[in-house]
Amino acid sequence: MNKVKEITSGKAKTMFTTSSEDQLIMEFRDDASAFDGKKRASLAGKGSINNQFNAFIMDYLKENGIKNHYIESLDSTHSLVHSLKMFPIECVIRNIATGSICRRLGTEDGLKLKTPLFEFFLKDDELGDPLINKNHIISFSWAEEHQINEMIEITYRVNELLSELFANAGMILVDFKLEFGLRGEEILLGDEFTPDGCRLWDSVTHEKLDKDRFRQDLGDVIESYHLVADRLGIDIKVD
């Protein structure tokens, strides 16, 4: 399968059409960004790690009943995926309070939440991905109520599956975001699941192993991504 035309280029991924009308190629680049693109860098090997990490997670989720857009890896930085009509919203679950929610609510950083906290955000970089609720989504016709409920249900199930997966590998899944889209009338998990879009801490030391290392200038970003992959048994290959 070959690239035909670039259709979108985000902070760290580029999407291309293919000769198949309902399939796209997703390229993971080495670019890193934070704070709505205000901080940028290129981290050698990041695209390769994230592509293979995402493939592992998507396969794992699919094996456990979570339908998603991932089809197969084409090489170290490219994957073939189903074309989806994406919902313009992000589904976020927090197991521990850190990051933006602490700034927003004045909450203690590192507070373990009594139950996982679900939030919706509008996917709009220029607006800073504002917090929204179910009523916003319905009123602006971003999704139907039954679709909203299904995305919430799937997100909680993903949290259960991945919290256990990471716990067994000596890590805490602190929080993460998911994006969904439609393939026909069916809702599929889209986009990616990588250390770029979640927070992972060491279970014992609470050392940060995710993109917070880039956000907070902690260093060893790629080394930490490799460590997470190694703990999960992912053999990262470079072409």
**Report entry** Result of checking D30, I236, T194 against N50 for side chain to side chain contact (heavy atoms under 4.5 Å, CB included)
**Finding:** T194
Query - ILVMFWY network linking Y70 to F16, side-chain heavy atoms under 4.5 angstrom - result: no
Query raised in the report: Under 6.0 Å from the six-membered ring centre of F214 and within 45° of its axis: does the NZ or CZ of K39 meet both?
Result: yes
Query raised in the report: Can a salt bridge be assigned to the pair E27 and R29 using a cut-off of 4.0 Å between side-chain N and carboxylate O?
Result: no
**Report entry** Charged N-O contact under 4.0 Å between E207 and R213
**Finding:** yes
Query raised in the report: Run the salt bridge (charged side-chain N to carboxylate O under 4.0 Å, His left out) check on D202 and R231 step by step: do they pass?
Result: CA-CA 11 Å; D202 180 88; R231 289 188 181 188; 2.8 Å; yes
Query raised in the report: So does D31 pair up with R40, basic N to acidic O under 4.0 Å?
Result: no
**Report entry** salt_bridge(D22, R183) N-O dist < 4.0 Å
**Finding:** yes
Query raised in the report: Looking at D196 and K11, does any basic side-chain N land under 4.0 Å from a carboxylate oxygen?
Result: no
Query raised in the report: Under 4.0 Å between a Lys/Arg side-chain N and an Asp/Glu carboxylate O for R104 and E119?
Result: yes
**Report entry** Side-chain donor-acceptor contact under 3.5 Å, N159 with N95
**Finding:** yes
**Report entry** Residue pair N149 / H146, side-chain donor-acceptor N/O under 3.5 Å
**Finding:** no
Requested in this report: State plainly whether the residues E145 and K134 are in salt-bridge range, i.e. N to O under 4.0 Å.
Outcome: yes
Query - Note: K208-D210 ion pair, threshold 4.0 Å (strictly below) - result: no
Query raised in the report: With distance as the sole criterion, is a donor-acceptor pair present between the side chains of R199 and T98 under 3.5 Å?
Result: no
